[in-house]
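Reading through the structure tokens given below for one structure.
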Amino acid sequence: TTPPEAEHFDRTIERDQRIEPRDWMPEDYRRTLVRQVAQHAHSEIIGMQPEGNWITRAPSLRRKAILLAKVQDEAGHGLYLYSAAETLGADRADLTARLISGRQKYSSIFNYPALTFADVGVIGWLVDGAAICNQVPLCRSSYGPYARAMIRICKEESFHQRQGYELLMTMMRGTDAQRRMVQDATNRWWWPSLMMFGPPDHDSPNTARSMAWKIKRHTNDELRQRFVDMTVPQAEALGVTLPDPELRWNPERGHYDFGEIDWAEFKQVVSGNGPCNEQRITHRRRAHEEGAWVREAAAAHAAKQAARTRE
Ligand code: FAQ
């Protein structure tokens, strides 16, 4: 016989209602969510680095203000998501320790370098575009705090995507050199953006269970296809070529066909051997160590305040 709390859990999922922090949940459900939400939080924090690199070199005050706001939003998303992970019983300091020791993952995409200012635009257009595609369905994820966090995060990601596309539109109206920069950045980010959606469905060990629990609402391949279909017309409007000779509309499927993704490259990047893995983690570790005094000062202040209220 099923215990009543497990029955309640199953019924909640079945009715498309939300599981909340104090509800009973299977240990595997909790573990899966901690894994996904922590990876997502780490991605936001590590994801500040490729673009953050350009803040001091933005070509105008306006571009600098926009970029600063975007990178700060990413910090906010990270903190928001760490809080969601804490509602599942995870410890924030422990999650950070796992990130900087390489025991927990973050998105493969942030292990590629941002070489020119056009990369800032292309990251907004393609990386945030892919993030939105993946995250809008997560607003209906079965775990309440994660689903609610996604609503605000998606609104901000839409702004990020638009700022990137607008930046690229501006560059495409500029000089030949600027147009070449946009095309070059598009060539470098296109395939890694497709890899963000994760391994193909036949090689995705977590999808089936996460779909049954309604943590995930679509498979990796479904979302990847949606992203391709959405992005091809945007590339045409922009006037850039996506670097895939096999990309073409398939009227029978009602979708764009596209070429084979280099899954060997994906595996290399995820296992720590991408172009910037070491740099990203080293930077994160240094920031953590150099911020130790801030955490200690905040804790000392909180202790003093608590002692004062007890007096
Ligand atoms: N990179 O069985 P599945 C952003 C791992 S957006 C690295 O399919 P799952 C915004 C996966 O964890 C980026 N690892 O796994 C921004 C698993 O490993 P594990 C963050 C990957 O969880 C924009 C293994 O492969 N977004 O930050 C990747 O069902 C611009 C097997 O895979 C999210 O995290 C990858 N690309 O599906 C910020 C969204 N893909 O843990 C700054 C939420 C898979 O078993 C600038 N997450 N792996 O050792 C998800 O939707 C899912 O977790 C997936 C993966 C779809 C990413």
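We count ligands from 1, going down the list as the structure has it; atoms in each ligand are counted the same way. As a basis for the values below, the full set of heavy atoms in this structure was taken, side chains included, without hydrogen atoms, waters or symmetry mates.
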Among protein heavy atoms, which sits nearest to [atom], and what does the distance come to when rounded to 0.1 Å?
atom: atom 3 (P) of ligand 1; value: Ser204 OG, 3.4 Å
atom: atom 12 (O) of ligand 1; value: Gln39 OE1, 2.8 Å
atom: atom 55 (C) of ligand 1; value: Lys216 NZ, 4.2 Å
atom: atom 4 (C) of ligand 1; value: Glu44 OE2, 3.8 Å

query: Does the ring of Phe117 carry Arg63 above it, NZ/CZ under 6.0 angstrom from centre and within 45° of its axis?
result: no
Using a distance-only test with no angle check, is there a side-chain donor-acceptor pair under 3.5 angstrom linking [X] and [Y]?
X: Arg286; Y: His283; result: yes
X: Ser101; Y: Arg103; result: yes
X: Tyr146; Y: Gln36; result: yes
X: Arg308; Y: Gln305; result: yes
X: His160; Y: Glu157; result: yes
X: Ser204; Y: Asp201; result: no

Give the atom numbers and elements of ligand 1 that come within less than 4.0 Å of a heavy atom of [X].
X: Phe197; value: 56 (C)
X: Met195; value: 36 (N)
X: Tyr146; value: 43 (C)
X: Gly47; value: 42 (C), 46 (C)
X: Pro205; value: 2 (O), 31 (C)
X: Tyr106; value: 1 (N), 7 (C)
X: Gly198; value: 40 (N), 44 (C)

Has [X] got any heavy atom lying under 4.0 angstrom from an atom of ligand 1?
X: Pro199; result: yes
X: Glu51; result: yes
X: Gln135; result: yes

- request: Output, in order, the C-alpha distance, side-chain angles, deciding distance and verdict of side-chain hydrogen bond (donor to acceptor under 3.5 Å, both in side chains) for Asn187 and Gln183.
  value: CA-CA 6 Å; Asn187 292 348; Gln183 183 61 58; 2.8 Å; yes
For ligand 1, does [X] get within less than 4.0 Å through its side chain, its backbone, both, or neither, judged by non-hydrogen atoms?
X: Val127; result: side chain
X: Phe110; result: side chain
X: Phe266; result: side chain
X: Ser107; result: both
X: His77; result: neither
X: Gln36; result: side chain

Taking distance alone, with N or O pairs closer than 3.5 Å, would you say [X] contacts ligand 1?
X: Asp128; result: no
X: Arg35; result: yes
X: Lys70; result: no
X: Ser108; result: yes

- request: Name all pairs fulfilling the ring pair (Phe, Tyr, Trp, His ring centres under 6.0 Å) condition that reach into residues 250-277, sequence neighbours left out, sorted by first residue then second.
  value: Trp249-Tyr256, Trp263-Phe266
task: Check for a donor-acceptor pair, side chain of Lys64 on one end and backbone N or O of Ala58 on the other, with a separation under 3.5 Å.
output: no
message: Donor-acceptor pair, distance only, cut-off 3.5 Å: does the side chain of Gln49 make one with the backbone of Arg280?
response: yes
Closest to [atom] (judged by heavy-atom distance), picking from [options]:
atom: atom 42 (C) of ligand 1; options: His160, Arg224, Glu74; answer: Glu74
atom: atom 10 (C) of ligand 1; options: Glu157, Met196, Lys105; answer: Glu157
atom: atom 45 (O) of ligand 1; options: Leu126, Asn206, Ile45; answer: Asn206
atom: atom 51 (O) of ligand 1; options: Ile153, Val269, Asn134, Leu138; answer: Asn134

Just list the side-chain donor-acceptor pairs under 3.5 Å for residues 240-247, sequence neighbours left out, or say none.
| from | atom 1 | to | atom 2 | distance (Å) |
| --- | --- | --- | --- | --- |
| Asp244 | OD1 | Glu246 | N | 2.9 |
| Asp244 | OD2 | Gly259 | N | 2.7 |

Gln225/Asp221 under side-chain hydrogen bond (donor to acceptor under 3.5 Å, both in side chains): CA gap, chis, key distance, verdict: CA-CA 6 Å; Gln225 181 71 62; Asp221 286 332; over 6 Å; no
query: In terms of hydrophobic clusters joined by side-chain contacts under 4.5 Å, are Ile132 and Leu238 together?
result: no
query: At what distance, to the nearest 0.5 angstrom, does CG of Asn220 lie from CE of Met196?
result: 12.0 Å
task: Anything under 30° is parallel, anything over 60° is perpendicular, the rest tilted; go ahead and classify Tyr29 against Phe9.
output: perpendicular
